[in-house]
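A quick write-up on the structure given underneath.
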Amino acid sequence: MEQPQFIYKSTDYKTDLKPVWCPGCGDFGVLGATHKALAELQIPPENIMFFSGIGCSSRFPGYTNTYGFNAIHGRAIPLATGAKIARPELTVVAVGGDGDGYSIGGGHLPHVARKNIDLTYLVMNNNIYGLTKGQASPTTPTGSITKTTPYGNMDSPVNPIHYALAYNASFIARGYSANMKHLVELIVAAIKHPGFAIVDIISPCVTFRGDEQYKTLKDLVFEIPESHDKTDKVAAFHLALERDDNKIPVGIYYQNPRPTYHENYDIIREKAKKSGKNELTDIYSLFQA
Amino acid sequence: MEQPQFIYKSTDYKTDLKPVWCPGCGDFGVLGATHKALAELQIPPENIMFFSGIGCSSRFPGYTNTYGFNAIHGRAIPLATGAKIARPELTVVAVGGDGDGYSIGGGHLPHVARKNIDLTYLVMNNNIYGLTKGQASPTTPTGSITKTTPYGNMDSPVNPIHYALAYNASFIARGYSANMKHLVELIVAAIKHPGFAIVDIISPCVTFRGDEQYKTLKDLVFEIPESHDKTDKVAAFHLALERDDNKIPVGIYYQNPRPTYHENYDIIREKAKKSGKNELTDIYSLFQA
Amino acid sequence: MKTTNDFILTIIGSGGDGVISAGEILLSAAASEGLFGFLLKSFGPQIRGGESSIKLRISNEEIFTQGDFVQVLLVFNWGDFPRFKTEYDLSDGAIIISDSDDKLSPLSQNLPWDEKKLVNIQIPITRLTKELTGSTFNKNIFSLGLLSAMFNLPSEGLHKAIKRKFKKKSEDVLKSNIDALEAGIKWISENNLNQNDFRFEYDSVEEPKIIMNGNDSISLGAMYQGLEFYASYPITPASEILQFLGTHLPKIGGSVIQAEDELAAINMAIGASFAGKKSMTGTSGPGISLKAEAIGLASMAEIPLVIVNVQRGGPSTGLPTKFEQSDLLQAMYVTHGDAPKAVIAATSVEDSYVCANIAFQIAEKYQLPVILLSDQFISAREVSLRPFKLNKFEVISRLKPEDNESDYKRYKITENGVSPMAIPGQKGVIYQTNGLEHTSTGMPSSDLDIHKKMSEKRDLKLQHIAKEFDFVVQKDCDGAKIGVITWGSSKGAVLEAVAKLKKEGKKVSFMAPQLISPLPIHKIQPFMDKLDRLIILEMSFGKQFYTHLKSQLKLPEDVVVYNRAGGKPFSVTEVYNTISKNYVGEAE
Amino acid sequence: MKTTNDFILTIIGSGGDGVISAGEILLSAAASEGLFGFLLKSFGPQIRGGESSIKLRISNEEIFTQGDFVQVLLVFNWGDFPRFKTEYDLSDGAIIISDSDDKLSPLSQNLPWDEKKLVNIQIPITRLTKELTGSTFNKNIFSLGLLSAMFNLPSEGLHKAIKRKFKKKSEDVLKSNIDALEAGIKWISENNLNQNDFRFEYDSVEEPKIIMNGNDSISLGAMYQGLEFYASYPITPASEILQFLGTHLPKIGGSVIQAEDELAAINMAIGASFAGKKSMTGTSGPGISLKAEAIGLASMAEIPLVIVNVQRGGPSTGLPTKFEQSDLLQAMYVTHGDAPKAVIAATSVEDSYVCANIAFQIAEKYQLPVILLSDQFISAREVSLRPFKLNKFEVISRLKPEDNESDYKRYKITENGVSPMAIPGQKGVIYQTNGLEHTSTGMPSSDLDIHKKMSEKRDLKLQHIAKEFDFVVQKDCDGAKIGVITWGSSKGAVLEAVAKLKKEGKKVSFMAPQLISPLPIHKIQPFMDKLDRLIILEMSFGKQFYTHLKSQLKLPEDVVVYNRAGGKPFSVTEVYNTISKNYVGEAE
Ligand SMILES: Cc1ncc(C[n+]2csc(CCOP(=O)(O)OP(=O)(O)O)c2C)c(N)n1
Ligand SMILES: Cc1ncc(C[n+]2csc(CCOP(=O)(O)OP(=O)(O)O)c2C)c(N)n1
Ligand code: SF4
Ligand code: SF4
Ligand SMILES: [Mg+2]
Ligand SMILES: [Mg+2]
């Protein structure tokens, strides 16, 4: 019996749990876009795993009707890595905030990227620590007053696109939570991409960054033109530099597939098996004097 | 009474402790170059602090007659950061290996760089874990056989220059331990640079990478031409891309000073003091009902 | 009409109702009138705009807990009530005030109306606020006016508190709030609703109080000892230390840095201490777990360092906004190897100042990491308490060598394990150190004799600390056959329960050691030895305090452990019942 | 001429001398002849090319330690001797062989020549090797020939071992080594130097042995239980597990990943276990400290996981290549909160296989983290031991729900605390989990009743584990009034000391629990209760085992703790003397 082509609606990816998010939080948009993307991809919910750290945004897996794990702060990436290596046939998505991903969890990013683990990472970047009520995050703009920068933030914010390029991520995009349609496209492309895909998503925190962000962003965000060569790293690096007009390109900055970790590891398994002695008893016999 | 201009010889920066390093280890070159650089800078030994993590290279502080701390794996940068913030008037140098700095300690790099802490970081990059006897490091070339890659390393190695650029480090250089004169110049420039300065130094591990590295490197390493614009990030990014001829540019890739953390923090202290109520008793009085 | 000098109020409402600020204003009012107060807040799971509640206790006598039974419950919105139902116990005859504009009826709530003879008072709060103040914006302040008149709560203090609160806002805002307050007061007297049970009456009061929470108190204690460097990563319920110090430490020349994670934070603090500055890092349980390795480094390299753990419910992320005392054994054994360190537990807001001072004294004098345990219950309460003297402690700083001291050895073996620590910049006493085992000059060594000698050196400090800093809260009761021992913030409930028993003529001894490790056995063992029965009281499902005491002392034959998983602090009644049930000693 | 069936040899030399491979070849020779062997290696601080030494014990009876007194000491170079002087004790009449080509003289060494009646034999080893084999390259093999002939060491076995060792090298290399061996043998018999004390004589031997170290044994145990995922970060002395599994696990379909740090490693393993695979991570003390937070996560989210800690000398970086048992309390209390987990300690190489199996059985059956403690002394020794059966253990896997099970609840309350765990990919039993406190369906909750219920659920498992997996090494001696308890690799020395005492007619009971936490009290308490005096033996300056036992059991009135800082394992003599000195019981 053939399966009908569209069996999953976006609501099939939604749980009953009511989000703890503030009304107007950008994360609602990301959640909705993700559910839509999954429906578009028609991946059976039981074949998906979501991993997150801690933060408002990291509550995400609880609201998504797939296997999910809202774990500890900063460790979404290694958790997802382990899960994907264990079960390469399943779809793995890591989600979380700018603090979770670029501060406490920042040390894991280079390695998931250079190993090209085939998973998708959605960062809800709100330039603040939401859950802990408003401290500076690594993406908080210079000069901003937050609970931990009472005299103005003096650090230069991180540039997630530059990070991802330096890490040799094979798919790098930026989205905006209020551009639902575009965001759905990006998430679909990211999940489809074989290898590590990061989507940095501007997702305003209305409570601790005010909601004028929505207003200004509307005019600042623009889609990356078709003419941009997605396989040109230097061009992508250039595109992601801070601009004099403060505008923010959204879309795919870079995409250049290469063999994934899992493909490479299959080769290693083959190599390892070449001796032909692949039973535990064979291995044990190596200890005989 | 005026002080004579050259009071410290490079041997004044040397301790009596005999390095545990293998004969021929690249780290000897880095150690010698550092002692020479310090003598060139004529910094009194008691005004210098060295910090390191764990590794062959991290034994460095024990061999340098300044205040020194060979601490725990991966934490040279935060230790040095704390020390520098505490004592901005002293010279602070962090040293260590590629594993220490780009693997376990990799999460600290973005932040020391974007905060522009005024310290120098010398990475003895030997593409291997030396001290633990030969496991793959994040800079181990693809394909290499090591103790943990018995079937060949399948990961793409990190590009430290790209990292540093993405992190907005204000001074980025690469050196080679066997080019003593050039390396001394780089270390002098790095220490002089006001702000975070990283020097990635190719420092061969003869024991676990073989000593043919010295032979091949001789022909691969070349000095970055004068024509390179050190303030151009995109040019630096380009220069650091893997090259078809496998050649490795050494020298300063990027240098672009901006206010240091300490300068900024002085401004914050001034702002904080504006209320004029700066005694502990003033602060305590805020609790009066 | 029953009056009280010990008034307990709870308010429950939705996001916009201003419940929290009502509680804060009332506490501030009480403090400015010289009353003692104890305020707790509680929130639903929503990040913002969700339901919230407060519990406020006011008394003219010193109080140590939030009190058990709510006498007056004000509910703006019965829809929010179920979330908090298990958090608050009602007194017999408690007065339930609610907004008659709410569509849900108080009587249809699952409340012990008959059993506890609750009194139902409904007032059209929303409508009245609108009518009398022009908008519903100041509903909370209007309600404070109502409560003030109904229960004789300090109205002068309320005026002051409102002025204080809105002093940075416009005149208009201030005036409209004062108007709302007065409208509330007036409405009650016009409607003759001011003769209620639980009217607050008291004879005399002392000088005005201060309002403080545990985190501020720790910060002040550290600052008094000369804190110069604080590095931390935000985490509930410890973030306020970072925020307070971030605002105030730069004023006295110090530095505060928000690190990229807890590992960085503690290593920065170690770096700063190595460089010569008094340093501290602070966090909660998950952060301590991340600092485990560096705590061992500080122990091995003998770096003075204070590490604050404001405990919350565990394990893992656990119950981040709730109280528990379950990081006790971790504090002692978090790092690998035999790594001497000291552990101190603060028992109250006031005591947090004391403990922070002593933590620094120990850290600096003995050059080792000191873990200062506080908890959510101390940090998140706001209390009105007697102003205390800042300068009651000696400021202790680490021992330093002279410049150019001959034959300087960083880890010289000494009588008390402490060796002078050179400060970078000092001439002629340069040294290099490490986290490896090392000789007296700091050179790495894996020689077993050196390891033995150095293990002894580091351990020696503990013996001296236990004697020199043997501070405990102790109330010996002559002839008592039963004693209660507890630790940390659970002290408050025990103190009140023991006082209550004493009034009934029961003899109960009491102890709460602030120095948890090394345990001052010479003080605690004699306390135990006098008892027939010991009750150990702690908020840890795993009985961590019991485990610790058992491992360090000879406990009486007869030990009763009263423990439970956290979430809600012990009530006085709970402790009272536990002791009563197990009481041994003279009958009355 | 005294002969022995228990031969103890030490070789000391410089970088190029081939000391280590000489030891390995001789061990291999012994094993192939069916002898038991025990090889330890020791190095100077240089990374490469520095001095090194071995101690090898060979016997035809089962042995549990490296033996105490060196009977034959071969020194290539007296310049290297001082570094190892404290590591090796010499037997009375020990034979000191050295290279007469060395410019330093044996007699000028600070050795107890007279006191111990040492025998000085000097042979021009370097010159002879050169003369007889054409180069000095095979000095070590030539020396093995000498030793073989002098002390009747298995020469057939040596031939085999050399063939084995060089089978991948060219024919020439192999032949030159065999020639060197034979040249050595021949030279001794030609010079009539083969009638020495300590000649190795034995009656019968068993079948050929296997040669294994503790890390390999753990790896095999895990593989037998169906390990599918291993993530780790290199660290001495645990790296060999990563290296062994990295080579062999892919052969049976599993995956091994070298993570960027220990935090990543354990979280990867948790992710893999969540995804349905049997997972393990391994490290040493510093790595455990870094894994602290995630261990709590595994406990809270009830993730089956085995965490290996191959202990080394602490605290901090400590003595990375030396032995110590000082991570015991950390294993239990490393993470914040009340976080149930199990702790198992392997006592030998063979036992490592057992313990790895049981660690997985517990982790999978009870869905919690299990810490498996080994140590440098187990992992770095190489022993020749009886081949063991792999399949003596049941392979236990976690309980899973049926697909589409109705009303599936991930954390359903059950009689033993274990609830079925759905595996991603399973239909109709999808769930979301977290490290927050949660309801039976996994929904976050900070409700205190739920916290209580779930704390109970998680704790319940421990009670079942203590009963079901109560494995201890126990040798009760009828009528013994004294007992010795120890743990981990110190077992070996105690076992031999007790056997020696038994031969003298002394009655001593003995125990070493492998299940350290939850402690199987029902087995250990009765053991204690029979004793007048208990000796607790451990290699921790901080008396961690004593602390643990005291906190969990009722110890006899009379307890003697024999402990010290690590660096060197207990000798049998040390233990024997300790017990003898404290002996109570029938006199002979
Ligand atoms: C180890 C640890 N440190 C700190 C915290 C406290 N904490 C929880 S979420 C968070 C940051 C949240 O910021 P972000 O990741 O940007 O998520 P957002 O809430 O903004 O979506 C912090 C610091 C924690 N839970 N665990
Ligand atoms: C927390 C921790 N994990 C692991 C180790 C083991 N270790 C010591 S040095 C090292 C890596 C050394 O490599 P690198 O930093 O490149 O220095 P190198 O020896 O090559 O100079 C490792 C894994 C440790 N000491 N501490
Ligand atoms: S605090 Fe900010 S990030 Fe968190 S839920 Fe509210 S709006 Fe969203
Ligand atoms: S192992 Fe390699 S890095 Fe270490 S000292 Fe030897 S040559 Fe240098
Ligand atoms: Mg954020
Ligand atoms: Mg290296």
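Here the structure is a predicted model, which is why all the values come from computation and not from measurement. Proteins get letters first, then strands, A, B, ... in listed order; numbering begins at 1 in each.
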*Residue by residue, scan residues 133-141 of chain B and write down, ordered by number, those that have a heavy-atom distance under 4.5 Å to chain D; if none do, write 'none'.*
B/Lys133, B/Gln135, B/Ala136
*Does a sphere of radius 6.0 Å around CZ in D/Phe137 hold more than 12 heavy atoms from other residues, nucleotides or ligands, not counting ones at 6.0 Å or beyond?*
no
_Over 12 foreign heavy atoms within 6.0 Å of NZ, D/Lys169_ = no
_What part of D/Pro286 gets within 4.5 angstrom of chain B, counting heavy atoms only: side chain, backbone, both, or neither?_
neither
_Spacing of B/Phe208 atom CZ and D/Arg48 atom CZ [to the nearest 0.5 Å]_ = 8.5 Å
_Donor-acceptor pair, side chain of B/Tyr151 and main chain of D/Thr247, under 3.5 angstrom_ = yes
*What option among B/Thr132, B/Asp155, B/Val20 has the most heavy-atom pairs under 4.5 Å with chain D?*
B/Val20
_Assess the residue pair D/Glu260 and B/Ser103 against the criterion (side-chain hydrogen bond (donor to acceptor under 3.5 Å, both in side chains)); give the C-alpha distance rounded to whole Å, side-chain angles, the decisive distance to 0.1 Å, and a yes or no._
CA-CA 5 Å; D/Glu260 57 271 24; B/Ser103 193; over 6 Å; no
_Rounded at 0.5 Å granularity, tell me how far CD1 in B/Ile72 sits from CG in D/Leu290._
7.5 Å
_Which one wins on heavy-atom pair count under 4.5 Å against chain D: B/Leu131, B/Ile104, B/Asn70, B/Ile54?_
B/Ile104
_Side chain / backbone / both / neither for B/Pro23 at chain D, heavy atoms under 4.5 Å_ = both
*May I ask you to test the B/His73-D/Thr317 pair for a side-chain heavy-atom distance under 4.5 Å?*
no
*Residues of residues 228-242 of chain D near chain B, each having a heavy atom less than 4.5 Å away*: D/Tyr233, D/Pro234, D/Ile235, D/Thr236, D/Ser239, D/Leu242
_Taking side chain as everything from C-beta outward and backbone as N, CA, C, O, which of these in D/Gln243 sits under 4.5 Å from a heavy atom of chain B? Side chain, backbone, both or neither._
both
*Which atoms of D/Leu245 come close to chain B, meaning under 4.5 Å heavy atom to heavy atom: side chain ones, backbone ones, both, or neither?*
neither
*asked:* Could you measure the distance from the CD1 atom of D/Ile47 to the SG atom of B/Cys56? Nearest 0.5 Å is fine.
replied: 4.0 Å
